[in-house]
*Asks:* 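Structure below; questions to follow.
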Amino acid sequence: MSSKDNLENLARSGGLKAEPPDRKECEGLLRSAIDRLKDAHNPALSFASRFDLAYNAAHALALTALRRQGYRSDKRYLVFQCLVHTLDVGKAQVRLFALCHERRNLAEYEGYMDVDEALLADLIAATDALLPQVRQAMSTTK
Amino acid sequence: MQTLPLSDALFTATQQKVLGLLYGKPDQSFYANEIARWAQVGKGSLMRELDRLHQAGILTLNRQGNQTHYQANPACPIYSELLGIVRKTFGIGEQLQAALAPVADRLVWAFVYGSIAKGSDHAGSDIDLMLIGENLGYGDVVERLLPVEERLGRRINPTIYTPADWLAKTAAGNSFVQRVSEQDKINLIGGPPPEEPAHEQ
């Protein structure tokens, strides 16, 4: 099945909503991702802030890629999962973002934030790698 | 030093596959073709095995339309023992051990905690995995665990600490580490890191 078919199926099952791509929106998401990712690198900030910034930068990038294809979703987990269809991102990378999503939920809803520098380093590295892919995709959009 | 996996001493390869699936997810039923595809064994030997396990009351059989569904039988007198054996050996433990074998020399202690280790899991429960070691990255670990996730149909949630992290969090009374320490575990590799770092001779 092609990536396009996979996204269409997800839209049919109600996970994704179809909405025509919007250049301005994508540019706004990308800008917010770039700013947050830059700040996530700042070692002067607390672990919780850096994790939050890196996680939200990754989500904004994944959402940009999904919006470019003409879809959106308010299910963050799904936005990350769609990366295998929206960009050339491997399953392991997606799994890493999903793991960070679960950690973020623990912090957000159960008040538990584990200081895990190794996970933060890998999250930032994975998001750093995602940024040029999204930029590249944006530059080829009409 | 054990050189033979427990499961190989006790069960044939086909029995391990069948029991691993059906006693790995005891609240689900599976039809023969599904089990054959998952286990990658011939239909003939699989049907013989399913028949034997059914005759012994280890599995129940239930016809839905033209499909025959098999499921772990809770009325079997050794149901809970089989669940335990599967959980601790080929169900989850051995698959995780095999996936982690290439990084075993970097691991001090690896274990499963949470609902799976407690035996209070349901078909959708995640596998909570604690990895304590040096030079382990999430990216690498996640990649190694992906095939196991797919085979078991469960998500694996790894937490990676260095031995120093683990000892420091334990000493600081970190609530998560404390909770994990006190819980039931399925031990995969090694054991608790020593309190004092080993001195070089």
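Each chain gets a letter, A, B and so on, in the order its sequence line appears, and its residues count up from 1.
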*Asks:* Testing the basics here: between Leu96(A) and Leu123(A), what is the closest heavy-atom pair and its distance to 0.1 Å?
*Replies:*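 Minimum heavy-atom separation between Leu96(A) and Leu123(A): CD2-N, 4.4 Å.
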
*Asks:* What are the two closest non-hydrogen atoms of Leu7(A) and Cys82(A), and how far apart are they?
*Replies:*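 Reported closest heavy-atom pair: CD2-SG, 3.9 Å.
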
*Asks:* Are the side chain of Asn187(B) and the backbone N or O of Gly190(B) linked by a donor-acceptor pair below 3.5 Å?
*Replies:*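 Yes, Asn187(B) side chain to Gly190(B) backbone: donor-acceptor pair under 3.5 Å.
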
*Asks:* Return the set of residues passing side-chain contact (heavy atoms from CB on, under 4.5 Å) with Leu21(B) (not counting sequence neighbours), or none when no residue passes.
*Replies:*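 Listed in chain order: Phe30(B), Ile35(B), Trp38(B).
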
*Asks:* Of all of Leu146(B), Leu145(B), Leu136(B), which one pairs up most often with chain A through heavy atoms under 4.5 Å apart?
*Replies:*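 Winner by heavy-atom pair count: Leu146(B).
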
*Asks:* So which atom in Ala58(A) and which in Phe97(A) form the shortest heavy-atom distance, rounded to 0.1 Å?
*Replies:*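 Closest pair (atom of Ala58(A), atom of Phe97(A), distance): CB-CE2, 3.6 Å.
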
*Asks:* Could you list which of residues 57-68 of chain B have a heavy atom closer than 4.5 Å to any heavy atom of chain A, in residue-number order?
*Replies:*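 Residues of residues 57-68 of chain B touching chain A at under 4.5 Å: none.
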
*Asks:* Taking NZ, NE, NH1 and NH2 as the nitrogens, is one of them in Arg37(B) or Glu34(B) under 4.0 Å from a carboxylate oxygen of the other?
*Replies:*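 Glu34(B) and Arg37(B): not salt-bridged.
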
*Asks:* Please identify each residue that fulfils side-chain contact (heavy atoms from CB on, under 4.5 Å) with Ala72(B), with sequence neighbours left out.
*Replies:*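 Result, side-chain contact (heavy atoms from CB on, under 4.5 Å) vs Ala72(B): Tyr23(B), Pro26(B), Tyr79(B).
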
*Asks:* Between chain B and chain A, going by a 3.5 Å limit, which atoms form donor-acceptor pairs, if any?
*Replies:*
from	atom 1	to	atom 2	distance (Å)
Tyr138(B)	N	Asp122(A)	OD2	2.6
Tyr138(B)	OH	Arg103(A)	NH2	3.2
Tyr138(B)	OH	Asp116(A)	OD2	2.3
Gly139(B)	N	Asp122(A)	OD2	3.2
Glu149(B)	OE1	Arg95(A)	NE	3.1
Glu149(B)	OE2	Arg95(A)	NE	2.8
Glu149(B)	OE2	Arg95(A)	NH2	3.1
Glu150(B)	OE2	Lys91(A)	NZ	2.9
Arg155(B)	NE	Tyr77(A)	OH	3.3
Arg155(B)	NE	Glu102(A)	OE2	3.1
Arg155(B)	NH1	Tyr77(A)	OH	2.9
Arg155(B)	NH2	Glu102(A)	OE2	3.2
Ile156(B)	O	Arg95(A)	NH2	3.0
Pro158(B)	O	Arg103(A)	NH2	3.3
Thr159(B)	OG1	Arg103(A)	NH2	3.2
Tyr161(B)	OH	Asp114(A)	OD1	3.1
Tyr161(B)	OH	Asp114(A)	OD2	2.6
Lys169(B)	NZ	Asp114(A)	OD1	3.0
Lys169(B)	NZ	Val115(A)	O	3.0
Asn174(B)	OD1	Tyr112(A)	OH	3.4

*Asks:* At their closest point, which heavy atom of Pro158(B) faces which heavy atom of Val141(B), and how far apart are they?
*Replies:*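 The pair with the smallest heavy-atom distance is CB-CG1, 4.1 Å.
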
*Asks:* If I compare all heavy atoms of Glu49(B) with all of Thr12(B), which pair ends up nearest, and what's the gap?
*Replies:*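 The pair with the smallest heavy-atom distance is OE1-OG1, 4.4 Å.
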
